[in-house]
Asks: 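Mind having a look at this structure? Questions to follow.
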Amino acid sequence: MDVEKIEKELRKIKDEVLRCQKCVLYQTRTYPVIGEGNHQAKIVFIGEAPGESEDKTGRPFCGAAGKVLDELLNSAGIERTDVYICNILKCRPPENRNPKIEEIEACTPYLLKQIEIIKPKVICTLGNFSTAFIFEKYGLKDKIEGISKIHGNVFEAKTLFGSLKIIPLYHPAAATYNPNMKETLKKDFQILKKI
Ligand code: URA
Ligand code: SF4
């Protein structure tokens, strides 16, 4: 796909999300968080759902967890502008509660379309929700385990847009209250340098 087509297709998704009412979360959101970064990124990061700061700005990972993510990217020599960052859910769940199954089902067609348009070589899933969803979608259901077991490992998947590496990582929010976790995340991020 040429750049113009990519822009047009992503724009179409953005317009749809801005008026989306497919689940109850539209009632309490301020702004949906559609995704941000390079539209031809080789690496896509997928978090869970917008938090308070993200809901207020419409930008992914712009609060405390985002600060950790920036530090991790930096430690691996990756610019935020080179990657694409988004979430399983576009709208913030009230009080940051866990996403519900029906919300994930309603929202993720947008995410899957975004992935098909961007066609990344690598998807980094941040936390359990993102990991379970992406593993299931890309034929790795039998490999799903808790993030503490599989973090930092590289999984290979076949997709309609070619081969895809999937790397499950701890959610950066976990490192905001656990310094050991940040070291583990930093170690895992080094893999991105290699591949
Ligand atoms: N946590 C997430 O999972 N995503 C964000 O965008 C911010 C915090
Ligand atoms: Fe629509 Fe997703 Fe927001 Fe639900 S979370 S209203 S499905 S954009």
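Numbering of ligands and ligand atoms starts at 1, following listing order.
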Asks: Which bit of Ser53 is near ligand 1, meaning a heavy atom under 4.0 Å away: side chain, backbone, both or neither?
Replies: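 It is neither part, as no heavy atom is under 4.0 Å.
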Asks: To check your reading of the model: name the closest protein heavy atom to atom 4 (N) of ligand 1, its residue, and the distance in Å.
Replies: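 The closest heavy atom on the protein side is Asn87 OD1, 2.7 Å.
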Asks: Are any of the side-chain nitrogens in Lys8 or Glu4 under 4.0 Å away from the carboxylate oxygens of its partner?
Replies: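 Answer for the salt bridge query: no.
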Asks: At a non-hydrogen distance cut-off of under 4.0 Å, which region of Arg29 contacts ligand 2 (side chain, backbone, both, or neither)?
Replies: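 The answer is the side chain.
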Asks: Quick test: of every protein heavy atom, which one is nearest to atom 2 (C) of ligand 1, and how far off is it to 0.1 Å?
Replies: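 Of the protein heavy atoms, Ala49 O, 3.1 Å lies nearest.
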Asks: For atom 4 (Fe) of ligand 2, grab the closest protein heavy atom and report residue, atom and distance to one decimal in Å.
Replies: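 The closest heavy atom on the protein side is Cys23 SG, 2.3 Å.
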Asks: Compare all side-chain heavy atoms of Asn87 with those of Phe129 and state whether any distance is below 4.5 angstrom.
Replies: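 In short, these two side chains do not touch, never coming nearer than 4.5 Å.
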Asks: Do me a favour and list the nearest non-hydrogen protein atom to atom 1 (Fe) of ligand 2 with residue, atom name and distance?
Replies: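 The answer is Cys20 SG, 2.2 Å.
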Asks: Is any N or O atom of Pro60, backbone or side chain, closer than 3.5 Å to an N or O atom of ligand 1?
Replies: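 No, Pro60 has no N/O under 3.5 Å of an N/O on ligand 1.
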Asks: In ligand 1, which numbered atoms sit nearer than 4.0 Å to a non-hydrogen atom of His171?
Replies: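 Once the distances to His171 are compared, the set is 1 (N), 2 (C), 3 (O).
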Asks: With a cut-off of 2.8 Å, does Cys91 place any N/O/S atom under that distance from atom 3 (Fe) of ligand 2?
Replies: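 Here the distance criterion (N, O or S atom, under 2.8 Å) is met by Cys91, so yes.
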Asks: What atoms of ligand 1 come closer than 4.0 angstrom to any heavy atom of Glu48?
Replies: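 Once the distances to Glu48 are compared, the set is 2 (C), 3 (O).
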Asks: Please identify which atoms of ligand 2 are closer than 4.0 Å to at least one heavy atom of Lys90.
Replies: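 Atoms satisfying the 4.0 Å criterion: 8 (S).
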Asks: Distance to 0.1 Å, residue and atom name: give those for the protein heavy atom nearest to atom 2 (Fe) of ligand 2.
Replies: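 It is Cys107 SG, 2.4 Å.
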Asks: Please say yes or no: joined through hydrophobic side-chain contacts below 4.5 Å, possibly via intermediate residues, are Val44 and Phe61 part of one cluster?
Replies: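 Looking at the clustering, Phe61 is in a separate group from Val44.
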Asks: Which atoms of ligand 1 are found less than 4.0 Å from any heavy atom of Gly47?
Replies: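 Those atoms are 3 (O).
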Asks: Salt bridge or not for Lys113 and Glu9, using N-O below 4.0 Å?
Replies: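 Judged by the 4.0 Å cut-off on N to carboxylate O distance, Lys113 and Glu9 do not form a salt bridge.
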Asks: Backbone N or O of Gly51 within a donor-acceptor pair of the Glu54 side chain at under 3.5 Å?
Replies: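 Flag set: sc Glu54 to bb Gly51 pair under 3.5 Å.
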Asks: State yes or no: do Ile195 and Ile115 share one hydrophobic cluster built from I, L, V, M, F, W and Y residues joined by side-chain heavy-atom distances below 4.5 Å, directly or via other members?
Replies: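 Result: no, two separate clusters.
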Asks: Would Phe61 count as a polar contact of ligand 1, with the cut-off being nitrogen or oxygen pairs under 3.5 Å?
Replies: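 There is such a contact, yes.
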Asks: As an exercise, identify every atom of ligand 2 less than 4.0 angstrom from a heavy atom of Tyr26.
Replies: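 Atoms satisfying the 4.0 Å criterion: 6 (S).
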Asks: Quick one: sort the Phe45 and Phe189 rings into parallel, tilted or perpendicular, breaks at 30° and 60°.
Replies: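 Correct class here is parallel.
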Asks: Side chains of Tyr26 and Pro32: does their closest heavy-atom pair fall under 4.5 Å?
Replies: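 No, every pair of side-chain atoms sits at 4.5 Å or beyond.
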Asks: Answer yes when Asp15 and Arg19 have at least one side-chain N-carboxylate O distance shorter than 4.0 Å, and no when they do not.
Replies: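 Looking at Arg19 together with Asp15, the answer is no, because their closest N to O distance does not fall below 4.0 Å.
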Asks: Would you check if the side chain of Gln114 reaches a backbone N or O of Ile34 as a donor-acceptor pair within less than 3.5 Å?
Replies: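 Present.
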